[in-house]
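Have a look at the structure below, then the notes.
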Amino acid sequence: MYDFIVVGSGLFGAVFAHEAAAAGKKVLVLEKRPHIGGNIYTEKQGSVMVHKYGAHIFHTNDKKVWDYVQKFAEFNRYTNSPVANYKGKMYSLPFNMYTFHAMWGVSTPQEAAAKIDQQRKEAGITEPKNLEEQAISLVGRDIYEALIRGYTQKQWGRKCTELPASIIMRLPVRLTYDNNYFNALYQGIPVRGYTYLIERLLEGIEVRCNVDYLDPVVKGEMDAQAKRIVYTGPLDAYFGQSLGALEYRTLRFETERLDIANYQGNAVVNYTDSEPAYTRIIEHKWFTFGKDEEGNEIEDTVISREYPAEWQKGDEPYYPVNDERNNTLCSRYKELADKEDKVIFGGRLGEYKYYDMDKVIARALEVAEELLR
Ligand code: FAD
Ligand code: UDP
């Protein structure tokens with residue numbers, strides 16, 4: 001009998017499993033994919049550490065979480081500063097004085113604030129009701145149209161007027177010359193990749209890959225062997241989508257190795273117009289400053305184009321679509337989840353929440369504390 005069977009070896013599952021094993025519990029981790037790590041999985045392609053399921057930059061203001069991850073892996077001091085390509089012109093992100101200068105030629109915070117204020121007033125928005133109104137209130141119409149509208153519609157497959165304002169609130173707006181994408185005290189990327197971090201968390205714990213817990217035969221066998229289940233797969237899938245399907249966005253990555261040292265001069269370049277169909281190109285080597293683990297310059301490069309799409313059965317669900325319809329359906333699934341005494345639902349898919357890595361760790365530690373007390 002296992003004290004806990006953990007479904008999913010992503011960050012939530014790995015942190016929970018680690019804490020439970022450290023508390024002396026007998027733990028088994030099941031993973032549907034052929035490898036551990038969920039979406040933060042990284043793998044070497046030649047000398048380049050590739051973020052297989054999209055670029056991941058660890059950032060947090062939570063010292064407890066930062067100290068926690070340091071116990072398992074050394075982090076570099078990578079600072080995320082993507083640039084946006086709109087019709088061939090380059091703009092700094094997030095929205096800051098460099099962006100305002102490139103857009104309007106303004107050079108002081110006062111001039112930038114006046115420009116934003118004027119565009120907000122022209123739009124007549126007092127209480128933003130959706131992503132479009134929120135974006136125009138924050139940065140004005142010019143920046144909304146060049147840097148937000150096309151990107152967001154590609155990313156979410158919906159008009160900005162149909163999306164919640166909260167999505168755009170993830171990005172800082174600053175009247176300073178500061179291209180750091182995150183307002184975070186701590187930021188970096190594990191020097192040996194995220195898979196190494198997960199391996200360390202799962203050290204000494206039984207893990208079975210290529211096992212789908214929701215396969216009825218597997219589920220029957222596993223439920224019989226577990227006192228409790230920690231489930232980090234999609235919430236609606238657990239209930240066979242009995243109340244209807246929650247919507248997700250999926251991604252398709254087109255990855256290629258190029259025999260040149262420098263493709264785009266930055267780790268992340270966003271394409272913010274409605275064309276091309278991809279949202280961003282990642283050049284993975286710049287997450288480690290163009291060097292391998294021994295500090296040698298990497299001579300070639302690997303890039304990934306990221307194409308968003310509506311999730312269909314069989315795709316990986318990457319992003320929950322936290323609009324009103326889905327959030328309402330999600331709360332009905334949560335009522336069902338509350339009745340499952342033996343099962344705890346966690347993580348981005350299990351809670352249907354647009355969680356960053358630090359929030360996932362904080363939540364997994366909280367759940368572990370409650371269950372292991
Ligand atoms: P997951 O990583 O999705 O893990 C769930 C695991 O459960 C998966 O391995 C899955 O295969 C497995 N599973 C599902 N169903 C079953 C089943 N039936 N049986 C067995 N196994 C199952 N966060 C940041 O902080 N910084 C970033 O820069 C950042 N960038 C991101 C970029 C992209 C493109 C995406 C999609 C997310 C990004 N995130 C970022 C968020 C980050 O990926 C998540 O916070 C984190 O990975 C969530 O971990 P998790 O364990 O909840 O989910
Ligand atoms: N966004 C945008 N233009 C950009 C980058 C982001 O409009 O160049 C918007 C878009 O709606 C996106 C949201 O800001 O979904 C949050 O961006 P973030 O980079 O946090 O997205 P993630 O890394 O989670 O995909």
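In this chain, numbering begins with 1 at the start of the sequence shown. Order of listing sets the numbers, starting from 1, for every ligand and every atom in it.
Closest to atom 40 (C) of ligand 1 among all protein heavy atoms lies His56 CD2, 3.5 Å. Counting only heavy atoms of the protein, atom 52 (O) of ligand 1 lies nearest to Arg348 N, 2.9 Å. From the protein, the heavy atom lying nearest to atom 44 (C) of ligand 1 is Tyr355 O, 3.7 Å. Among protein heavy atoms, the minimum distance from atom 36 (C) of ligand 1 is reached at Tyr318 CD2, 3.5 Å. Looking only at protein heavy atoms, the nearest one to atom 19 (N) of ligand 1 is Tyr213 N, 3.1 Å. Atom 15 (N) of ligand 1 has as its closest protein heavy atom Gly233 CA, 3.6 Å. Of all protein heavy atoms, the one closest to atom 7 (O) of ligand 1 is Gly8 CA, 3.2 Å. The nearest protein atom to atom 18 (N) of ligand 1, hydrogens excluded, is given as Asp212 OD1, 2.9 Å; this is a heavy-atom distance.
Listed by number with element, the atoms of ligand 1 under 4.0 angstrom from any heavy atom of Tyr53 are 34 (C). Near Gly347, the atoms of ligand 1 lying under 4.0 angstrom from a non-hydrogen atom of the residue are 52 (O). Ligand-side atoms of ligand 2 in range of Gln155: 15 (O), 25 (O), range being under 4.0 angstrom from any heavy atom. Below 4.0 Å from some heavy atom of Ile40 lie the following atoms of ligand 1, by number and element: 47 (O). Residue Leu93 approaches ligand 2 through these ligand atoms, each under 4.0 Å from one of its heavy atoms: 8 (O).
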Using the rule given for side-chain hydrogen bond (donor to acceptor under 3.5 Å, both in side chains), can you reason through Asn96 versus Asp178, listing the C-alpha separation, both sets of side-chain angles and the distance that settles it, and then say yes or no? CA-CA 6 Å; Asn96 74 88; Asp178 179 358; over 6 Å; no
Are Phe58 and Ile189 close enough, and set up right, to give a side-chain contact (heavy atoms from CB on, under 4.5 Å), and what steps lead you there? CA-CA 6 Å; Phe58 198 94; Ile189 289 179; 5.9 Å; no
Audit row: Gln264, Asn85, side-chain hydrogen bond (donor to acceptor under 3.5 Å, both in side chains) steps and yes/no: CA-CA 11 Å; Gln264 62 181 14; Asn85 180 325; over 6 Å; no
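Residue-to-ligand polar distances place Leu11 within reach of ligand 1: an N/O pair is separated by less than 3.5 Å. Residue-to-ligand polar distances keep Ser9 apart from ligand 1: every N/O pair is separated by 3.5 Å or more. For Glu306, no nitrogen or oxygen atom sits less than 3.5 Å from a nitrogen or oxygen atom of ligand 1, counting backbone and side chain alike. Not a single N or O atom of Thr272, backbone or side chain, sits closer than 3.5 Å to an N or O atom of ligand 2. At least one N or O atom of Glu31, backbone or side chain, sits closer than 3.5 Å to an N or O atom of ligand 1. Of the N or O atoms in Tyr354, one or more lie within a sub-3.5 Å distance of an N or O in ligand 2. Annotation: Asn39 places an N or O atom under 3.5 Å from an N or O atom of ligand 1; distance criterion only. For the pair Tyr231 and ligand 1, the shortest N or O to N or O distance does not fall below 3.5 Å. Between Met357 and ligand 1, an N or O atom pair is found at a separation short of 3.5 Å.
Residue contacts with ligand 2 for Ile168 involve side-chain atoms from C-beta outward but no N, CA, C or O (heavy atoms, distance under 4.0 Å). Under 4.0 Å from ligand 1, the heavy atoms of Ala55 that appear belong solely to its backbone. Using a 4.0 Å cut-off between heavy atoms, Val360 contacts ligand 1 through its side chain alone, with no backbone atom that close. Under 4.0 Å from ligand 2, heavy atoms of Ile148 appear from its side chain as well as its backbone. Using a 4.0 Å cut-off between heavy atoms, Arg280 contacts ligand 2 through its side chain alone, with no backbone atom that close. Contacts between Leu349 and ligand 1 below 4.0 angstrom, taking non-hydrogen atoms only, involve the side chain exclusively. If you look at Leu251 next to ligand 1, the close heavy atoms, those under 4.0 Å, all belong to the side chain. Counting heavy atoms under 4.0 Å from ligand 1, residue Tyr319 touches it through the side chain alone.
Tyr248 and Asp236 are linked by a side-chain donor-acceptor pair at a separation below 3.5 angstrom, with hydrogens and angles left out of the test. Side chains of Tyr352 and Glu247: a donor-acceptor N/O pair is absent below 3.5 angstrom, by distance only. Using modelled atom types, one finds no donor on one side chain facing an acceptor on the other under 3.5 Å when comparing Thr250 with Glu316. Gln118 and Glu122 share a donor-acceptor pair across their side chains, judged by distance under 3.5 Å alone. Checking Tyr186 against Asp67 by side-chain atom types alone, no donor-acceptor pair falls below 3.5 Å.
Checking side-chain atoms of Asp223 against main-chain N and O of Gly220 turns up no donor-acceptor pair under 3.5 Å. The backbone N or O of Ser81 sits nowhere less than 3.5 Å from a side-chain atom of Asn179 that would complete a donor-acceptor pair. Between the Glu133 side chain and the Lys129 main chain, a donor and an acceptor come within less than 3.5 Å of each other. Judged by distance alone, the side chain of Asn210 and the main-chain N or O of Glu31 form no donor-acceptor pair under 3.5 Å.
The nearest non-hydrogen atom to atom 26 (N) of ligand 1, considering only Ile57, Asp356, Ile361, comes from Ile57. With distances taken over non-hydrogen atoms, the option nearest atom 10 (C) of ligand 2 out of Thr152, Val268, Asn85 is Thr152. Here the shortest heavy-atom distance to atom 1 (N) of ligand 2, taken over Tyr181, Tyr151, Tyr319, Phe182, belongs to Tyr151. Here atom 15 (O) of ligand 2 lies nearest to Trp156 when heavy atoms of Tyr144, Trp156, Tyr91 are compared. Here the shortest heavy-atom distance to atom 21 (N) of ligand 1, taken over Arg33, Lys32, Arg208, Gln155, belongs to Lys32.
Within the 4.0 Å heavy-atom cutoff, Val211 counts among the residues contacting ligand 1. Within the 4.0 Å heavy-atom cutoff, Phe58 does not count among the residues contacting ligand 1.
When the shell of 6.0 Å around CE of Met90 is examined, it contains more than 12 heavy atoms from other residues, nucleotides or ligands. Surrounding NZ of Lys71 are more than 12 heavy atoms belonging to other residues, nucleotides or ligands, all under 6.0 Å away.
In this structure, Phe253 has its ring center no closer than 6.0 Å to that of Tyr53. Aromatic pair Trp66/Phe72: ring centres not closer than 6.0 Å.
Geometrically, Arg228 does not engage Tyr2 in a cation-pi contact, judged by NZ or CZ lying under 6.0 Å from the ring centre and within 45° of the ring axis. Judged by a 6.0 Å distance limit and a 45° cone about the ring axis, Arg77 is not positioned over the six-membered ring of Phe289.
Relative ring orientation between Tyr194 and His56 is described as perpendicular, the plane-to-plane angle rising above 60° on a 0-90° scale split at 30° and 60°.
Not counting sequence neighbours, the partners of Lys359 by the side-chain contact (heavy atoms from CB on, under 4.5 Å) test are Tyr355. Every residue meeting the side-chain contact (heavy atoms from CB on, under 4.5 Å) condition with Glu199, not counting sequence neighbours, appears here in chain and number order: Ile36, Thr195, Tyr196.
Shown here, atom 23 (N) of ligand 1 is in close reach of the protein: a heavy atom of it lies under 4.0 Å off.
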